[in-house]
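These notes are about the structure you will find just below.
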Amino acid sequence: MSKKVAVQGNLKEIKEELRKLGYQVNDIEQSQNPDAIVYMSTGEHIPYKDMTSGLEMDNANGAILINAEGKSIDDIQRIINSRIYSPLF
C-alpha cells in the first residue's frame, strides 16, 4: 500500500512529483491519516487548523512534518520513506 501524503495547496510541483512516485497525495485540508505532511515554511498560513486538532489521525505512528523549503523531491522522498527528518550525526 502506498503512503498517504498531505501537501500544502500551493506546492503543485511537489504534489505532481510525489504522485509520479506512487504516493497517495491530497491537499492538507482534505487528507485523513497521512503518513507525512509536506509544507513550505515561508511565514504564510498553513491551512490545517492546528497540530492538536486539525487532522484526524488514526495512524498509530502519526505523521512526519516535512518543511519543503530548500529540499529536492529526492530529499522529501527519503524523509517520507525513512521517517527520519535528518541524520543525527
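From a predicted model like this one, the values you see are computed outputs, not experimental measurements.
Checked by atom type and distance alone, the side chain of D35 never pairs as donor or acceptor with a backbone atom of K3 at under 3.5 Å. Judged by distance alone, the side chain of K15 and the main-chain N or O of D27 form no donor-acceptor pair under 3.5 Å.
Annotation: side chain to side chain donor-acceptor pair (under 3.5 Å) contacts of S82 (sequence neighbours excluded): none. Residues passing the salt bridge (charged side-chain N to carboxylate O under 4.0 Å, His left out) test with K12: none are found, sequence neighbours excluded. Residues passing the side chain to side chain donor-acceptor pair (under 3.5 Å) test with N26: none are found, sequence neighbours excluded.
The side-chain heavy atoms of I66 and Y39, taken from C-beta on, include no pair separated by under 4.5 Å. Side-chain contact between V38 and K71 is absent, with no heavy-atom pair separated by less than 4.5 Å.
Here the closest non-hydrogen pair linking S2 and G22 is CB-O, 3.0 Å. When every heavy atom of M40 is checked against every heavy atom of A68, the shortest pair comes out as SD-C, 4.0 Å. Between A63 and P34, the shortest heavy-atom contact is CB-O, 3.4 Å.
In summary, of the residues considered (D75, I80, N81), a side chain to side chain contact (heavy atoms under 4.5 Å, CB included) with R78 occurs for D75 alone.
Checked for salt-bridge contact, E16 and R19 miss the test: no charged N lies under 4.0 Å from a carboxylate O.
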Criterion side-chain contact (heavy atoms from CB on, under 4.5 Å) on I73 and L18, from CA distance to verdict: CA-CA 8 Å; I73 194 67; L18 289 172; 3.8 Å; yes

Does I76 form a side-chain contact (heavy atoms from CB on, under 4.5 Å) with E17? I'd like the steps, not just the answer. CA-CA 10 Å; I76 294 169; E17 291 298 320; over 6 Å; no

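Remark: E13 CD is loosely packed, at most 12 non-hydrogen atoms of other residues, nucleotides or ligands lying under 6.0 Å away.
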